[in-house]
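Have a look at the structure below before the remarks.
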Amino acid sequence: MKKDKSRTPLPARKRRALKYLTIAALTVVLVNYTLHTGLLLPIQAIRAVEEREGAPHGRVVTRLWEPAVHKTGLFYLTENETMVLLGNTYLSLLGWTPGFGWALDCASGAPLYAGETSSCRDGGETVWHFYGRVDSPEIETVEISLRSITGYDQERGENLYEEQVLLAAGREDWLEKEGRRFFLLRCQLEDWPEHSGVNAFAIGRDAAGNLVTEFPIEEGTHS
């Protein structure tokens, strides 16, 4: 039997180097899997956010770069049959790092679901994102009304509001995935009245502009 002269064994030094590289690669994979650090892809970090928020295996609806929050900040809107999540990630020296996120439960049969996130970095201007799912076929326009508190009605036992900003998303602005309709709106607020928080209300209107639903947005996260 002839000896295959084309295969030359590696020198001992190269074999050791290859061994160390293999061990290093396996270590990186293990750290990625167990600690969710040093992630190679941004979607891996979003998957970690989904797991943390109880909304796994989401399909990506859209993504949005947000350098105002972080120089490498990236937001993902993901969905499955019963939930919608807005989560973020950023690129650090360790790789893509999971940020914050919030999952909306969309299984109650409501015509409209809406959540909010607000983000501020190093004392800079706050960036707001409003997102959700439109389930009622009647709704043609989604509005987000941002209101400040102007007083308190003693007789009715409720706050009095004044609208400061109105955001709107019509059919042309909606995002679709698997036959479901979603929206994602962004704003940075300037000259907001002092001593008043931002109170967001979600509004759904039909083609004629009539009110289908309205409610205060009470779900979300602030960072």
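Interatomic distance, OG of S92 versus NZ of K71, reported as 14.0 Å (0.5 Å rounding). Annotation: the span from E162 atom CD to I149 atom CD1 amounts to 12.0 Å, rounded to 0.5 Å. Separation of atoms CD (E219) and OG1 (T117) is listed at 13.0 Å; rounding is to 0.5 Å. Here the CG-OG1 distance, from D206 to T213, works out to 12.0 Å after rounding to the nearest 0.5 Å. Considering CG of D135 and SG of C106, their distance stands at 6.5 Å, rounded to 0.5 Å. Atom CZ of R63 sits about 5.5 Å away from atom CG of L74, to the nearest 0.5 Å.
Side-chain atoms of E163 and L146, non-hydrogen and from C-beta on, never get closer than 4.5 Å to each other. Between T150 and Y161 the shortest side-chain heavy-atom distance does not fall below 4.5 Å. Between I144 and I217 there is a side-chain heavy-atom pair separated by less than 4.5 Å. A heavy-atom distance below 4.5 Å is found between the side chains of C187 and F130. E50 places none of its side-chain heavy atoms less than 4.5 Å from the side chain of N80. Using a 4.5 Å heavy-atom cutoff, the side chains of T62 and Y76 are not in contact. W128 places a side-chain heavy atom less than 4.5 Å from the side chain of E116. E53 places a side-chain heavy atom less than 4.5 Å from the side chain of L85.
The backbone N or O of W102 sits nowhere less than 3.5 Å from a side-chain atom of T221 that would complete a donor-acceptor pair. The backbone N or O of L40 sits less than 3.5 Å from a side-chain atom of Q44, completing a donor-acceptor pair. Within the 3.5 Å criterion, the main-chain N or O of P111 finds no donor-acceptor partner in the side chain of S136. N88 contributes no side-chain N or O that, together with a main-chain N or O of L86, makes up a donor-acceptor pair within less than 3.5 Å. Judged by distance alone, with hydrogens and angles left aside, the side-chain atoms of Y113 form a donor-acceptor pair with the main-chain N or O of S108 at under 3.5 Å.
For R59 and E81, the salt-bridge test passes: some basic side-chain N is under 4.0 Å from an acidic carboxylate O. The pair E140-R205 does not count as a salt bridge, with every side-chain nitrogen at least 4.0 angstrom from each carboxylate oxygen. Using a 4.0 Å cut-off between charged side-chain N and carboxylate O, R171 and D173 make no salt bridge. A salt bridge between R147 and E214 is present, with a side-chain N of the basic residue lying under 4.0 Å from a carboxylate O of the acidic one. Ion pairing of E178 with R180 is absent here, as no side-chain N (NZ or NE/NH1/NH2) approaches a carboxylate O to less than 4.0 Å.
Two different hydrophobic clusters hold L112 and L175 under the rule that ILVMFWY side chains link at heavy-atom gaps under 4.5 Å. W65 and I46 end up in the same hydrophobic cluster when Ile, Leu, Val, Met, Phe, Trp and Tyr side chains are linked at under 4.5 Å. The cluster map of Ile, Leu, Val, Met, Phe, Trp and Tyr, joined by side-chain heavy atoms under 4.5 Å apart, puts V49 and F100 in different clusters. When hydrophobic clusters are built by joining Ile, Leu, Val, Met, Phe, Trp and Tyr residues whose side-chain heavy atoms come closer than 4.5 Å, directly or via intermediates, L104 is grouped together with F75. Tracing side-chain contacts under 4.5 Å through hydrophobic residues (I, L, V, M, F, W, Y), one reaches F183 starting from F215; they form part of the same cluster.
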Discussion item. Does F182 form a side chain to side chain contact (heavy atoms under 4.5 Å, CB included) with V84? I'd like the steps, not just the answer.
Written reply: CA-CA 9 Å; F182 307 88; V84 181; 3.6 Å; yes

Item to complete: For the pair V212 and N210, evaluate side chain to side chain contact (heavy atoms under 4.5 Å, CB included) and give the outcome as yes or no after the intermediate values.
Response: CA-CA 6 Å; V212 176; N210 299 314; over 6 Å; no

Worksheet item: For V134 and W174, what are the C-alpha separation, side-chain angles and deciding distance, and is it a side chain to side chain contact (heavy atoms under 4.5 Å, CB included)?
Response: CA-CA 9 Å; V134 184; W174 291 353; 4.1 Å; yes

Discussion item. Applying side chain to side chain contact (heavy atoms under 4.5 Å, CB included) to V127 and C120, what does each step give before you reach the verdict?
Written reply: CA-CA 6 Å; V127 179; C120 181; over 6 Å; no

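Summarising the geometry of Q188 relative to A68, their closest heavy-atom pair is NE2-CB, 4.4 Å, with the distance given to 0.1 Å. When every heavy atom of M83 is checked against every heavy atom of A103, the shortest pair comes out as CE-CB, 3.8 Å. Among all heavy-atom pairs drawn from A169 and L185, the shortest one is CB-CD2, 4.1 Å. Contact detail for A45 and T89: the closest heavy-atom pair is CB-OG1, 3.2 Å. Residues L184 and H129 approach most closely at CD1-CB, 4.3 Å, considering heavy atoms.
Under 3.5 Å, the side chains of T126 and S118 contain no donor-acceptor pair of N or O atoms. In this model, no donor atom of one side chain and acceptor atom of the other lie less than 3.5 Å apart for R156 and Q154.
For E172, the CD atom sits in a packed shell: over 12 heavy atoms of surrounding residues, nucleotides or ligands are nearer than 6.0 Å.
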